[in-house]
Amino acid sequence: MTNDVKEIFSNRGEGRPGGEAAPAPAALAAKVRTLAPSMTRSMQRVAEAVATDPAGCAALTVTGLAELTGTSEATVVRTARLLGYPGYRDLRLALAGLAAHQQSGRAPSVTADIAVDDPIADVVAKLAHDEQQTLADTAAGLDTVQLGAAVTALAAARRTDIYGVGASGLVAQDLAQKLLRIGLVAHAHSDPHLAVTNAVQLRAGDVAIAITHSGSTGDVIEPLRAAFDRGATTVAITGRPDGPVSQYADHILTTSTARESELRPAAMSSRTSQLLVVDCLFTGVTQRTYETAAPALSASYEALAHRHSPRTR
């Protein structure tokens, strides 16, 4: 029996934890881009190969892909499982589906790095492309069951605390002000001391949201843990769903980022994907609380209308 056959039979009947389905082919490229930075170098080579040439890799056995990437068969199988597939057989099926998707004319483009001497028009085009790809990847990889559960908790929350520092702190402020405008009680905390002292006041029926691209920001994880320990519903918005923050999150909303470069730090693309998730949360909550949210929005618009009108002497 070949190693390929052994690998297939060893995974027969094996499902993902929690009974989750494997990612759809359209979400495979997005998942590779999201998880690749946290992989080992050998696993990155496998991930890069399947993302770059899905059709070619779909035609390879597990041994063939291991030889192509200079890795081992075990590394190929581990990479497949990290990407959400029970085994290599399932990954090959997804690669074939992705190849067909690309041949339909909807293949994702490869983004070029921004060079120091790029004309400003090229900078605009490259950034716009990266932003579009980041949003598409985030939408493809976002777990709508987890999103729906987070929306349900937010809509019924007595109070919502949101934690984020740096660029993620700006996103936290954006979500807080959105929730406030529809009449909900929400606070954004970027000061780690205030975040913790507020988190210990939470209880069941409250919601705490941590926003951290790395999934390992201690100043965000500490208050989320405090809220979790006190029975609040906890949500993590993160680019690393396997990071430490996930230990204290009831619901995980995964974001994607464009490839980081010298002139485009991760904070730029992570902010874009985080804002998309925030907008999804806000829109979902507004739908659930429409009877009270709509009048609250109207009142806030009316209260600010005079500030947007030309002043008369």
Side-chain angles (χ1 to χ4, degrees), residues 1-113 133-134 136-145 215 239-243 246 252 254-260:
M1 185 179 291
T2 66
N3 288 327
D4 305 320
V5 176
K6 288 179 181 177
E7 193 278 331
I8 289 174
F9 276 95
S10 69
N11 290 290
R12 181 165 292 172
E14 179 182 330
R16 300 183 68 207
E20 299 175 14
L28 174 58
K31 193 144 193 177
V32 168
R33 280 186 286 269
T34 298
L35 295 179
S38 62
M39 294 178 179
T40 63
R41 184 66 196 109
S42 58
M43 293 175 74
Q44 283 179 348
R45 290 201 295 273
V46 176
E48 289 167 1
V50 300
T52 301
D53 184 15
C57 291
L60 296 175
T61 63
V62 65
T63 304
L65 183 54
E67 292 176 349
L68 175 69
T69 56
T71 61
S72 66
E73 295 172 9
T75 297
V76 172
V77 175
R78 282 198 299 269
T79 305
R81 289 174 175 166
L82 183 60
L83 292 174
Y85 301 93
Y88 182 61
R89 174 191 58 181
D90 305 271
L91 176 60
R92 285 182 72 180
L93 291 173
L95 290 173
L98 178 59
H101 180 73
Q102 291 181 340
Q103 289 171 2
S104 70
R106 300 175 61 188
S109 303
V110 177
T111 304
D113 287 336
Q133 189 66 65
T134 297
D137 286 353
T138 299
L142 194 58
D143 186 329
T144 53
V145 174
R240 302 287 182 266
D242 56 344
S246 64
I252 301 174
T254 305
T255 58
S256 179
T257 61
R259 187 159 47 93
E260 185 174 2

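These values consider heavy atoms only, across backbone and side chains, with no hydrogens, waters or symmetry-generated copies.
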Separation between CD of Glu48 and CE of Met39, rounded to the nearest 0.5 Å: 9.5 Å
Rounded to the nearest 0.5 Å, how far apart are CG of Leu91 and CZ of Arg81? 12.0 Å
I would like to know whether Val77 and Val62 meet side-chain contact (heavy atoms from CB on, under 4.5 Å); could you show each step before the answer? CA-CA 8 Å; Val77 175; Val62 65; 4.1 Å; yes
Counterpart residues, salt bridge (charged side-chain N to carboxylate O under 4.0 Å, His left out), relative to Glu67 (two or more places apart): none
Do Val50 and Leu65 make a side-chain contact, defined as non-hydrogen atoms from C-beta onward lying under 4.5 Å apart? yes
How long is the straight-line distance from OG1 of Thr75 back to CG of Leu82, given to the nearest 0.5 Å? 12.0 Å
Nearest-0.5 Å distance that lies between atom CD in Gln133 and atom OG in Ser256: 8.0 Å
Would you name the heavy atoms of Ala58 and Ala96 that are closest together and state the gap between them? CB-N, 3.8 Å
Distance from Arg78 atom CZ to Leu83 atom CG, nearest 0.5 Å? 13.0 Å
Heavy-atom pair of closest approach, residues Ala51 and Pro54: O-CD, 3.8 Å
Distance check, rounded to the nearest 0.5 Å: Asp90 atom CG versus Tyr85 atom OH? 9.0 Å
Nearest non-hydrogen partners of Leu68 and Cys57, listed with the distance: CD2-SG, 4.4 Å
Quick one: does any side-chain atom of Arg45 pair with a main-chain N or O of Thr71 as donor and acceptor, under 3.5 Å? no
Looking only at heavy atoms, which two atoms of Pro241 and Ser246 are closest? And how far apart? O-CB, 3.3 Å
Minimum heavy-atom distance between Thr138 and Thr254, given as atom pair plus value: CG2-O, 4.1 Å
